[in-house]
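So the structure is just underneath, and the comments pick up after that.
So that the names make sense, note that chain A is the first sequence line, chain B the second, and so on, each numbered from 1. Both backbone and side-chain heavy atoms feed into the values below; hydrogens, waters and symmetry mates do not.
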There are 2 protein chains.
Amino acid sequence: MKLEEAQQQFIASWGAFGSHWGINRTMAQIHALLMISPDPLSQDDIMEKLNISRGNVNMNIRDLVDWGLVFRILIPGERKEFFSAEKDIWKVATQIVKERKKRELDPMLRLLDQLEDVEGDKKDKHIKQFTETISSIRRFGLQADKMLDGLVRADENWFLGNLMKIFR
Amino acid sequence: MKLEEAQQQFIASWGAFGSHWGINRTMAQIHALLMISPDPLSQDDIMEKLNISRGNVNMNIRDLVDWGLVFRILIPGERKEFFSAEKDIWKVATQIVKERKKRELDPMLRLLDQLEDVEGDKKDKHIKQFTETISSIRRFGLQADKMLDGLVRADENWFLGNLMKIFR
DNA sequence: AATATATTTCACTAAGTTTTGAAACTTCAG
DNA sequence: CTGAAGTTTCAAAACTTAGTGAAATATATT
């Protein structure tokens, strides 16, 4: 397969893939483009390679920087800003886990905490089913939370090494 | 907090939560409603409680059944079909993992396989960066794949027990 | 300070997704 | 076989989210 074609395919599918992971399509495409670029790119480079508007590049780059997946690079003597992606895929994954945990899991756990006790007769089957559901989701969430914290703190080899021991 | 209010809140936020996890809002709301219902509900019950149209209920119920999160229940003597949710949250989670792995991770790995070898000079920095990126993502993906397979096969206590040993 | 270059913002538009509701279809009882 | 009850389909409408491009702002150069 030719390089150009392979690059296009990779960018397109990383975009599709990302859109299932809380990262919008264009954001993921920009990230893909930067991952396979040996050198940092400017906003104009990205506009041109992906055929998207300046505003779109700007917004998505900002988000990528917020997520910690892309870095602003200042090249001495250059007027423009350049951008480069985090290329260590383990770091990319833990970064995403960290952000999503903060944005989704943590607020959900806070809510479940509040919902856990409702007024009324503990014998009523509606109340019983409700509190049981809530508390089992909450217990599960707390475990997941703890596990993800560990994951984010761990380093790749350590983590995969241990995991492989568990899942032969 | 009153039961009614707590139920509403739970349904609403499970919907919002689900929409970040590849499950659309209404689908997640129906699932939430069924999880907290002590008895199976009919399509009409769901329409009424969530204020959504018959078509919408029907389509989303179908998807939930496809995902293995909801079961069709036939109540003897009743003409209507009733529905009941999987209430074991561990099963819900592994079911979702299984489906998403099949729909997303597996196709991505198949693609990366193809992209791994491109024609051209191995010394060219564009080719070098591309193949390195692809192969590191692929290695990572294969590990994740193996791990998720294990997870789906494992049972809850076994899994959490082992995990807790790792992440004290 | 004036000019050129680069970046950010945001109202508008385009694209994509979900929901509705009525019609078509299916099933069952009499 | 007929009609009532239940379920499914699908085109159109409503809603949601993403992308554009031009204007505003910021930064650097002479």
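For A:Glu48, the CD atom sits in a loose shell: 12 or fewer heavy atoms of surrounding residues, nucleotides or ligands are nearer than 6.0 Å. Surrounding NZ of B:Lys122 are more than 12 heavy atoms belonging to other residues, nucleotides or ligands, all under 6.0 Å away. The 12-atom threshold is exceeded at NZ of B:Lys87, counting heavy atoms of other residues, nucleotides or ligands nearer than 6.0 Å.
Rounded to an integer number of Å, the gap from B:Asn56 CG to D:dT8 P is 14 Å. The CG atom of B:Asp44 sits 12 Å away from the P atom of D:dT8 (whole-angstrom rounding). For the pair B:Ile52 CD1 and D:dA14 P, the interatomic distance rounds to 18 Å; values are reported in whole Å. In this structure, the CG atom of A:Asn24 is 12 Å from the P atom of C:dT17, given to the nearest Å. Distance A:Leu50 CG to D:dT20 P: 10 Å, rounded to the nearest Å. Distance, A:Asn60 CG to D:dT17 P: 15 Å, rounded to whole Å. If you measure from atom CG of B:Asp45 to atom P of D:dG6, you get 11 Å, rounded to the nearest angstrom. A straight line from CD of B:Glu78 to P of C:dC28 spans 14 Å, rounded to a whole angstrom.
Follow the hydrophobic side-chain contacts under 4.5 Å out from B:Ile61 and you never reach B:Ile75; the two are in separate clusters.
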Open item on the list: For DNA chain C, please output the secondary structure as dot-bracket, reading 5' to 3'. Pairs are Watson-Crick or G-U wobble, both atom distances under 3.5 Å; mark crossing pairs with [ ], other-strand partners with |, unpaired with a dot.
Closed with: ||||||||||||||||||||||||||||||
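B:Ser42 comes within contact range of no nucleotide atom at all, as no heavy-atom separation falls under 4.0 Å.
For B:Ser53, the listed nucleotide lying nearest its side chain is C:dT20; candidates were C:dT20, D:dT7, C:dC10. The side chain of A:Arg79 lies closest to D:dT27 when the candidates are D:dG21, D:dA18, D:dT27. Between D:dG21, C:dT8, C:dT18, one nucleotide has an atom nearer to the side chain of A:Arg54 than all others, and that is C:dT8. Listed nucleotides D:dT8, C:dT8, C:dT19 differ in distance to B:Thr26; the shortest reach to its side chain belongs to C:dT19.
Of the listed residues (A:Leu33, A:Asp45, A:Val57, A:Val70), just one forms a side-chain contact (heavy atoms from CB on, under 4.5 Å) with A:Phe83, and that residue is A:Val70. Tested against A:Ile30 for a side-chain contact (heavy atoms from CB on, under 4.5 Å), the candidates A:Ile11, A:Leu41, A:Leu64, A:Asn24 yield a single pass: A:Leu64.
Both A:Lys80 and B:Val57 lie near DNA chain C, and the one whose nearest nucleotide falls closer to the 5' end is A:Lys80.
Between A:Asn58 and the phosphate of C:dT7, there is no side-chain N or O to OP1/OP2 separation shorter than 4.0 Å.
For the residue pair B:Gln129 / B:Thr133, a side-chain donor-acceptor distance below 3.5 Å is found, with atom types taken as modelled.
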